[in-house]
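What follows is a short report on a single structure.
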Amino acid sequence: MNGITYVQGDATSPRGKGVKIIAHVCNDLGGWGKGFVVAVSRRWPEPEAAYRRWHRERARNDFGLGAAQLVRVEPYVWVANLVGQRGIRTGRSSGVPVRYEAIDAALGLLADRATELGASVHMPRIGCGLAGGRWDRVEPLVVGRLVDRGIPVTVYDFGA
C-alpha cells in the first residue's frame, strides 16, 4: 500500500470534504486544448485563462518546466496547473514530452500549497496521457512529494 487512494470516476468532481486541489500536467508551450484540460475547461474557464496569461507573461514570472500555478475555481476547490511536459507530441516527434524531473519539482511546490491550505490532492494519472509518461515512474514522485508529507491523494481512473 502506497497511501494513494485509487477510484473510478472524474477527477474534475473530486470526492470528500474540505479543501481539494485538482492537479494535472501542462506543457511548456502555452498550449491547452487536448486531454484532461478539456474536462477542466468544461467545468471552469479560470484555469485555462490563468494558464494562458501565465505563459503569455512568462518573461516576468516563474512559468517554465517544474512550475506550479494554483487557480481557485470554487470556495473549496483549486486547480493546479503543473508544467511537466516539454512541448507536445506531433506526428514527427520522437520520444515523449513528459519530463519526470519537472513533474517532481512541480509536485514539491504543490505539496507546499496543499499543506498551507490543509487540502487533499485529486488527479488523473498525471503525465501519462498525452505527455506519454508511465505511471510506474510518476507514482513514486506523487508518493514522495505528497503522500509522505501526509497529504491525502486520490487518483481517478475515468470510465469503466
Side-chain angles (χ1 to χ4, degrees), residues 1-7 9-32 35-86 98-129 131 133 135 137-158:
M1 224 33 220
N2 63 20
I4 297 174
T5 301
Y6 289 88
V7 299
D10 180 357
T12 66
S13 296
R15 302 174 185 181
K17 298 192 182 317
V19 178
K20 296 177 270 306
I21 300 171
I22 300 166
H24 70 102
V25 167
C26 305
N27 63 64
D28 65 349
L29 294 178
W32 180 293
F36 182 70
V37 298
V38 173
V40 170
S41 289
R42 237 183 261 128
R43 288 206 55 163
W44 310 285
E46 299 92 348
E48 177 180 359
Y51 169 78
R52 291 186 184 279
R53 185 171 47 257
W54 188 32
H55 176 265
R56 193 172 48 250
E57 298 171 0
R58 65 191 177 280
R60 298 181 301 280
N61 64 40
D62 65 345
F63 183 92
L65 284 170
Q69 177 191 55
L70 264 71
V71 181
R72 190 178 211 158
V73 293
E74 293 179 11
Y76 297 100
V77 179
W78 299 72
V79 171
N81 296 327
L82 310 178
V83 185
Q85 179 180 328
R86 164 77 72 202
V98 68
R99 294 296 180 266
Y100 297 108
E101 63 284 354
I103 290 175
D104 188 46
L107 286 170
L109 297 171
L110 171 59
D112 292 341
R113 290 299 311 276
T115 299
E116 289 169 18
L117 294 167
S120 56
V121 175
H122 304 259
M123 63 180 71
R125 292 181 188 240
I126 60 170
C128 297
W135 187 245
R137 299 268 315 268
V138 175
E139 184 184 51
L141 305 177
V142 173
V143 170
R145 292 294 190 161
L146 300 170
V147 175
D148 288 352
R149 286 185 62 180
I151 299 165
V153 176
T154 302
V155 171
Y156 295 74
D157 288 313
F158 190 72

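Since we're looking at a predicted model, the values are computed, not measured. Heavy atoms only: backbone and side chains are in, while hydrogens, waters and symmetry mates are out.
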With sequence neighbours left out, write down each residue that passes salt bridge (Lys or Arg N to Asp or Glu O under 4.0 Å) with [X], or none if nothing qualifies.
| X | answer |
| --- | --- |
| D10 | none |
| R113 | E116 |
| R58 | none |

Scanning both residues in full, the closest heavy-atom pair of A119 with P152 reads O-CD, 4.2 Å
List the atom pairs, with distances to 0.1 Å, where a side-chain N or O of residues 16-25 and a protein N or O form a donor-acceptor pair under 3.5 Å, not counting sequence neighbours.
from: K20; atom 1: NZ; to: G16; atom 2: O; distance (Å): 3.1
from: K20; atom 1: NZ; to: G18; atom 2: O; distance (Å): 3.0
from: H24; atom 1: NE2; to: N81; atom 2: OD1; distance (Å): 2.6

Distance in Å, [X] [atom1] paired with [Y] [atom2], rounded so as to fall on 0.5 Å steps:
| X | Y | atom1 | atom2 | value |
| --- | --- | --- | --- | --- |
| E74 | W44 | CD | CH2 | 5.5 Å |
| W135 | Y6 | CH2 | OH | 5.0 Å |
| R137 | C128 | CZ | SG | 10.5 Å |
| T12 | Y156 | OG1 | OH | 9.5 Å |
| R149 | L110 | CZ | CG | 9.5 Å |
| L82 | C26 | CG | SG | 7.0 Å |

Do any N or O atoms from the side chain of [X] and from the backbone of [Y] form a donor-acceptor pair under 3.5 angstrom?
| X | Y | result |
| --- | --- | --- |
| H55 | F63 | no |
| D28 | L65 | no |
| R72 | P75 | yes |
| Q69 | A50 | yes |

Residue set satisfying side chain to side chain donor-acceptor pair (under 3.5 Å) with D148, at least two apart, ordered chain then number -> none
Just by distance, no angles: are the side chains of D62 and W54 close enough, under 3.5 Å, to form a donor-acceptor pair?
yes
Candidate pair V155 and V142, rule side-chain contact (heavy atoms from CB on, under 4.5 Å), full reasoning
CA-CA 10 Å; V155 171; V142 173; 5.6 Å; no
Within the 4.5 Å heavy-atom criterion, are Q85 and V98 side-chain neighbours or not?
no
Please tell me if the side chains of V73 and P47 come closer than 4.5 Å, counting only heavy atoms from C-beta onward.
yes
Residue pairs, two or more places apart or on separate chains, that pass side-chain hydrogen bond (donor to acceptor under 3.5 Å, both in side chains) and touch residues 99-108
D104-R145
Apply the test side-chain contact (heavy atoms from CB on, under 4.5 Å) to residues N27 and Y51: give CA-CA distance (whole Å), side-chain angles for both, the deciding distance (0.1 Å), then the verdict.
CA-CA 10 Å; N27 63 64; Y51 169 78; 3.1 Å; yes
So which of T5, T154, V7 actually passes side-chain contact (heavy atoms from CB on, under 4.5 Å) with R15?
V7
